[in-house]
There are 2 protein chains.
Amino acid sequence: MLLDDRKKRILEAIIEEYNNTAEPVGSTKIANDYNLGFSPATIRNEMASLEELGYLEQPHTSAGRVPSSKGYRLYIDNIMKEKNLTAKEKAVIDEILQNDITKIENLIHEATNILSRLTNYASIAMGPEIENCSVEEIKLVKIGNNRLMIVILADNGIIKESLVNYDGVIPEENIEIFNNFLNYKLKGRNFREIYENINSYVENELYNISNNIVPLMVEINNLLVDGNSKVYMEGATNMLALPELKKVDTLKNFLNIIETKDAIKELMKSGYDGNINVYIGQETAFDDLKDFTIITYKQSLNDKEVGTIGIIGPKRMDYKKVIPTIKYLGEAIQQKINQGGKKDVRDDGEE
Amino acid sequence: MLLDDRKKRILEAIIEEYNNTAEPVGSTKIANDYNLGFSPATIRNEMASLEELGYLEQPHTSAGRVPSSKGYRLYIDNIMKEKNLTAKEKAVIDEILQNDITKIENLIHEATNILSRLTNYASIAMGPEIENCSVEEIKLVKIGNNRLMIVILADNGIIKESLVNYDGVIPEENIEIFNNFLNYKLKGRNFREIYENINSYVENELYNISNNIVPLMVEINNLLVDGNSKVYMEGATNMLALPELKKVDTLKNFLNIIETKDAIKELMKSGYDGNINVYIGQETAFDDLKDFTIITYKQSLNDKEVGTIGIIGPKRMDYKKVIPTIKYLGEAIQQKINQGGKKDVRDDGEE
DNA sequence: TTTTAGCACTTCTTTCGTTCGAGTGCTAAA
DNA sequence: TTTAGCACTCGAACGAAAGAAGTGCTAAAA
């Protein structure tokens, strides 16, 4: 259903006014400050009509109007003009990403940091689901005399590493044997597949060399599922300053959201790669989220998901600024991921 | 200045009552519920006296009394009996720590997780200051075809690792040369010393082999200071439910504390190793902390600090439970650290 | 001498009615 | 079709009054 131009302009004015004040917006305010060329009475009529259509809401009879989720949706899709970042803002982001961050997880973690500072909302990030990871290479490295570092490189560029302690000194030959064995057994396999069949991979063959293989395999298994689609959040306390959280109910909802993170996880899993996904209030099925908006950006490498970044903020958000910000950051990070993950010509068959 | 027994018992009762209710405590309540064998009038006299001595405070004339920082201090040092953890509670902690966590940082990070869940306050942790780390071993590992992982093992057991991307394929010989060179130059040196003199370590000699050594050294330098005495915090939102944070001022102070973390950092640096350190409200010079208590436990390995764990909560805290909890966890973690730092005796896996 | 009952006093909290202001919807005129 | 005018609604702000909690002091009891 399309709105005529006048209604759109009024809706836009209301949303912008509401963004600034967080108070219900009255007809006179719009008539005076947004010179649309109509009297308060006319605007009043239009507002009544916009409410009828579901784009506005009224807290009580004698109050002004507040944009509904549907109103914001229309605003985002049809009305607002995105405000590109200034050269300066871009420079800030670029500068931060300049520090050679090569591990995808660190990159994504850094993103939450940037996002919460840039938007002043809570930023969220999620690592890849293990279904999306397969072993590309596994490496054992002797650290000191009695520790082994396990490094697993996944085909989507994710790197996981961990340590195991050993009893006594580890003979170099054993490391190489283990190394070869592990690569032979695990290379190319999906993380989840390995996790579920770990026992079948270690058979008698290896026990003979050393039963130290057991704690090693246990740790590898931990490593595979470690942080599986775990949600990180930063800057949640930014949110506390928001007027919307003055209402006890809304605050409780928010605390609920960040405590369980289920809703966030689910939304982050859905959505399209390499694109902004915006979920406004009741657009999701989660009741706790009814006063909040979640915006996400999925990162991938060679068509494999590696993680998702985003923010959670109040529905009342400066979308025309926030969306381009996340877009820019998402793309910048995507570029860094691609850079680090570029597979160029393999030279020798080392392994 | 010692208090007579009756005053102590009254102070104890007041503190315990206040812990439960978060409301100023009146004489009648104490007389009725804590059968000390005195009438409200007598208790009233004693309360006036305890206030005179600085152990209690009165919000206003017609209100009950509230324990002061000095009151809590006396309570902790002289009055309360620590309540040991139940076997069950210990089992929970042991169980969580059972998962072979070998990296000290992960261990400390895991501790914050446990602490915030166990205490329902905000838990804090700080990594080691780089002054306390010296290079024990440095290792370069080729990952895939064009990435190098740098692993640095410090003498206090801290392990840091990072990745650098390379243009083109890295010849194996170069890695070995770099490796030897780095160990030769850096082994035994203090992190800070290296950080400040990095340029003098890389001279012409290495450029000739490959100028790829430059990004490598840059990354090593980043790695050395990465997370230097950085404060981690978890469960800050637990605190929001507290009645003390209903007061806007107190909330602001708290937000200030977690935003800057300066006060926390300073307190965590002071204090004794392997021991509980308790800082109650005005006992610190930080005005923002006047309504909060910070409890810390410093971890070390071979007399070298490796980090500090702790909590921040309201002054009104169930000290006789919280203190043993942190103590137990601190000691458990210390044990794991010592274990990892020496040799882990482990015969074989169970599964 | 110590303890306690009794009571006047202080201060905060709650409640309730009133006023005030913001903003609406409707009607009738422009 | 737009707008001025106006009665109406409802929450917010204010202030007075009542009520609750708890004190400190005095004088009697133990």
Side-chain angles (χ1 to χ4, degrees), chain A residues 3-7 9-11 13-15 17-18 20-68 71 243-244 246-250, chain B residues 3-11 13-15 17-18 20-68 71 243-244 246-249:
Chain A
L3 293 187
D4 62 50
D5 196 55
R6 187 165 81 180
K7 284 200 178 58
R9 270 159 58 212
I10 291 175
L11 179 59
I14 292 172
I15 287 181
E17 181 65 22
Y18 184 64
N20 294 330
T21 61
E23 297 290 336
V25 180
S27 55
T28 320
K29 185 78 190 168
I30 297 298
N32 290 343
D33 296 10
Y34 289 79
N35 56 344
L36 304 173
F38 303 103
S39 74
T42 307
I43 290 177
R44 214 140 55 225
N45 286 330
E46 292 290 43
M47 283 165 84
S49 163
L50 281 165
E51 182 176 1
E52 185 94 357
L53 294 166
Y55 298 105
L56 293 178
E57 281 163 0
Q58 196 174 26
H60 59 86
T61 359
S62 74
R65 300 305 205 297
V66 162
S68 68
E244 12 279 272
K246 288 288 173 299
K247 284 177 62 185
V248 186
D249 279 356
T250 316
Chain B
L3 292 187
D4 63 50
D5 196 56
R6 188 166 83 179
K7 284 200 178 56
K8 278 192 190 172
R9 269 160 57 214
I10 291 175
L11 179 59
I14 292 173
I15 287 182
E17 180 66 21
Y18 184 65
N20 294 329
T21 61
E23 297 290 336
V25 180
S27 55
T28 320
K29 185 79 192 168
I30 297 298
N32 289 344
D33 296 10
Y34 288 79
N35 57 343
L36 303 174
F38 302 102
S39 73
T42 307
I43 291 176
R44 214 142 53 225
N45 286 330
E46 292 290 43
M47 283 165 85
S49 162
L50 281 165
E51 181 176 2
E52 185 93 358
L53 294 166
Y55 298 106
L56 293 178
E57 282 163 359
Q58 196 175 28
H60 59 84
T61 3
S62 74
R65 301 306 206 294
V66 163
S68 67
E244 13 277 274
K246 289 286 173 301
K247 285 177 62 184
V248 186
D249 278 357

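All of these numbers come straight from a predicted model, not from anything done at the bench.
- Whole-Å rounding puts the A/E23 CD to C/dT24 P distance at 14 Å.
- Across all strands shown, A/T28 has no heavy atoms under 4.0 Å from either base or sugar-phosphate atoms.
- Residues satisfying the side chain to side chain donor-acceptor pair (under 3.5 Å) test with A/S39, not counting sequence neighbours, are A/T42.
- For DNA chain D, the outermost nucleotides in 5' to 3' order that have an atom under 4.0 Å from a heavy atom of chain B are D/dA21 to D/dC25.
- Note: A/I10 CD1 to A/N45 CG = 9.5 Å, rounded to the nearest 0.5 Å.
- Here B/S68 pairs with nothing under the side chain to side chain donor-acceptor pair (under 3.5 Å) rule; sequence neighbours left out.
- Sorted by first and then second residue, the salt bridge (charged side-chain N to carboxylate O under 4.0 Å, His left out) pairs with a member in residues 20-37 of chain B read B/K29-B/D33; sequence neighbours excluded.
- Under the side chain to side chain donor-acceptor pair (under 3.5 Å) criterion, A/Y18 pairs with no residue at all, not counting sequence neighbours.
- For the pair A/L56 CG and C/dT24 P, the interatomic distance rounds to 11 Å; values are reported in whole Å.
- Atom-to-atom distance recorded for B/F38:CZ and B/S27:OG is 14.0 Å, nearest 0.5 angstrom.
- Residues satisfying the salt bridge (charged side-chain N to carboxylate O under 4.0 Å, His left out) criterion with B/D5, sequence neighbours excluded, are B/R9.
- Side-chain nitrogen and oxygen atoms of B/R6 include at least one within less than 4.0 Å of the OP1 or OP2 phosphate oxygen of C/dT3.
- Looking at residues 30-40 of chain A, you'll see that no heavy atom sits under 4.0 Å from any atom of DNA chain C.
- Taking CG of A/L50 as the reference point, atom CG of A/L56 lies at 5.0 Å (rounded to 0.5 Å).
- Residue A/L11 holds its CG atom at 10.5 Å from CG of A/L53, rounded to the nearest 0.5 Å.
- Remark: P of C/dT3 and CE of B/M47 are 17 Å apart, rounded to the nearest angstrom.
- Sequence neighbours left out, the pairs with a member in residues 38-53 of chain A that pass salt bridge (charged side-chain N to carboxylate O under 4.0 Å, His left out) are A/R6-A/E46, A/K7-A/E46, A/E51-A/R65.
- Not counting sequence neighbours, the partners of A/E244 by the salt bridge (charged side-chain N to carboxylate O under 4.0 Å, His left out) test are A/R316.
- Summarising the local packing, NZ of B/K247 is surrounded by 12 or fewer heavy atoms from other residues, nucleotides or ligands at distances under 6.0 Å.
- Within residues 57-65 of chain B, the residues approaching DNA chain C are B/H60, B/T61, B/S62, by heavy-atom distance under 4.0 Å.
- Residue A/E51 contributes atom CD, which lies 15 Å from atom P of C/dG23 at whole-angstrom precision.
- For the helix from C/dT1-D/dA30 to C/dA30-D/dT1, the end axes, each set by the C1' atoms of five terminal pairs, are bent relative to each other by 20° (nearest 10°).
- To the nearest angstrom, C1' of C/dT3 lies 12 Å from CZ of B/R44.
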